[in-house]
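Quick note on labels: first sequence line is chain A, next is B, and so on, each numbered from 1. What you are looking at is a predicted structure, and each value in this text was computed from that prediction instead of being measured.
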2 protein chains.
Amino acid sequence: MLGAARELVTERGLAALTMRTLASRLDVAPNALYSHVANKTALIDYLLDDVLADVEVPAADIDDPVAGLHQLMASTYTVLLTHPDLVPHYLSCQGAHGPNAHRLGDITTALLRRADVSEPAASEALRVLIVYTIGFAAFTSRLPPGTGTEHQPSAAEMLDNFNHGLGWLLTGIQQGRPAPGQAPA
Amino acid sequence: MLGAARELVTERGLAALTMRTLASRLDVAPNALYSHVANKTALIDYLLDDVLADVEVPAADIDDPVAGLHQLMASTYTVLLTHPDLVPHYLSCQGAHGPNAHRLGDITTALLRRADVSEPAASEALRVLIVYTIGFAAFTSRLPPGTGTEHQPSAAEMLDNFNHGLGWLLTGIQQGRPAPGQAPA
DNA sequence: AATTCGTATTGGACACCGTACAGTAGTGGT
DNA sequence: ACCACTACTGTACGGTGTCCAATACGAATT
């Protein structure tokens with residue numbers, strides 16, 4: 001069922017994922033789905049976590065942990081872009097709480113630790129990296145119809161942009177101290 | 001009409017913003033709205049930009065442009081949290097294209113320029129800052145019912161987290177060069 | 001002042017959505 | 001053979017965004 005739902009979203013977009021269309025694809029009455037899933041939101045939650053299974057994690061004993069973080073986030077970014085419609089949901093649900101999300105969180109934390117980011121900062125850095133990656137993916141996910149007047153970046157340019165920003169972020173995290181000017185509003 | 005829509009969202013949440021409820025608040029038939037707005041999505045787009053009008057911009061001649069950037073983003077963050085339901089929409093629409101969004105973009109670019117961030121990097125930095133700020137706001141926007149088992153951060157903690165991450169980002173941007181390990185997937 | 005005209009509004013309807021309720025097929029364990 | 005349980009079905013309710021044709025109304029023109 002999750003498989004069929006994922007197919008549907010991939011082929012026809014999130015808007016096409018309706019209890020009725022999903023049911024008809026499974027040759028089943030719409031209500032039958034509620035024997036397997038509490039409601040549509042729960043279904044989407046499962047989907048969200050399911051997608052993260054495709055993220056490639058760096059080797060556990062990678063030499064440069066910062067490079068590992070970069071790889072991990074970059075892979076997450078590209079995987080998220082596989083299902084653009086889903087991405088906005090990640091942020092409003094605070095990034096999916098299923099087993100896959102948990103696993104990626106643990107790996108990231110371990111890499112941060114190996115990069116000498118000590119604890120109070122580490123969990124903040126984790127959240128910052130998640131937000132940045134998912135946020136950028138969400139931001140990228142809708143750009144097909146080039147507006148014309150302004151410069152509309154291509155997917156490749158966005159990936160470059162993502163990598164640069166990620167580099168800045170990792171630099172700052174390693175540096176450990178915020179920039180000279182910090183003035184909360 | 002935009003005003004009524006904003007009230008509705010503020011008082012009863014985005015879910016309560018329906019053509020029918022909005023119409024009834026204006027003592028008008030639902031279809032009447034379509035004389036002023038193409039469809040509901042367009043309505044939300046207008047709302048999105050409207051909210052940004054409340055962002056406080058730093059004085060144009062501020063001494064430390066990096067501090068100005070920090071202020072500007074922090075204000076944007078808090079303003080966005082005023083209407084948490086709307087935030088996820090920003091990312092899927094790539095951050096609202098109305099006049100207010102444009103204005104904020106220009107101000108940010110000017111501050112970056114004054115912070116000696118030259119052009120190819122400047123527009124990337126702009127996008128990174130937008131993504132980070134909106135992303136963090138979206139991430140923060142749903143956290144009322146403390147889960148209990150894990151540490152559920154408060155709004156104040158999230159603001160701290162936001163500020164730290166923003167500091168890291170600005171540090172990295174000023175540094176200009178990405179961290180040693182950059183390996184696109 | 002009378003008439004025209006365009007825009008705001010209305011009533012009614014369509015197609016679709018998520019989901020609840022009650023009842024039925026089929027399957028495993030005793 | 002019976003029973004409990006799960007997956008499923010038919011039907012239906014209330015809600016949604018939005019379209020169509022017809023109307024009210026206020027400003028501009030004659």
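- When the options A:I134, A:T133, A:L104, A:V55 are evaluated for a side chain to side chain contact (heavy atoms under 4.5 Å, CB included) with A:M73, the one that passes is A:T133.
- The six-membered or imidazole ring of A:Y132 lies away from that of B:F136, with a centre-to-centre distance of 6.0 Å or more.
- Put simply, CG on B:L26 is 15 Å from C1' on C:dT10, counting in whole angstrom units.
- Using a cutoff of 4.0 Å between basic side-chain nitrogens and carboxylate oxygens, B:R127 and A:E157 are not scored as salt-bridged.
- Side-chain proximity of B:N31 to C:dA20, D:dC19, C:dT9: nearest is D:dC19.
- Nearest approach of A:G167 to A:H70, heavy atoms of both residues: N-CE1, 4.1 Å.
- Using a 4.0 Å heavy-atom distance criterion, B:A29 is classed as a sugar-phosphate-only contact.
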Please produce a list of atom pairs where a protein N or O lies less than 3.5 Å from an N or O of nucleotides 15-17 of chain D.
residue, atom, partner, partner atom, Å
D:dT16, O3', B:T18, OG1, 3.3
D:dG17, OP1, B:T18, OG1, 3.3
D:dG17, OP1, B:K40, NZ, 2.8
D:dG17, OP2, B:T18, OG1, 2.4
D:dG17, OP2, B:M19, N, 3.1
D:dG17, N7, B:R20, NH1, 2.7
D:dG17, O6, B:R20, NH2, 3.2

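- Applying the 4.0 Å criterion to OP1 and OP2 of D:dT6, one finds that A:H36 has every side-chain N and O outside that range.
- Scanning all heavy atoms of the two residues, the minimum distance from B:G68 to B:P58 falls at O-CG, 3.7 Å.
- Here D:dT18 presents its C1' atom at 15 Å from CG of B:L22, a figure rounded to the nearest Å.
- Legend: residues meeting salt bridge (Lys or Arg N to Asp or Glu O under 4.0 Å) with A:D85, ordered by chain and number and at least two apart, are A:R142.
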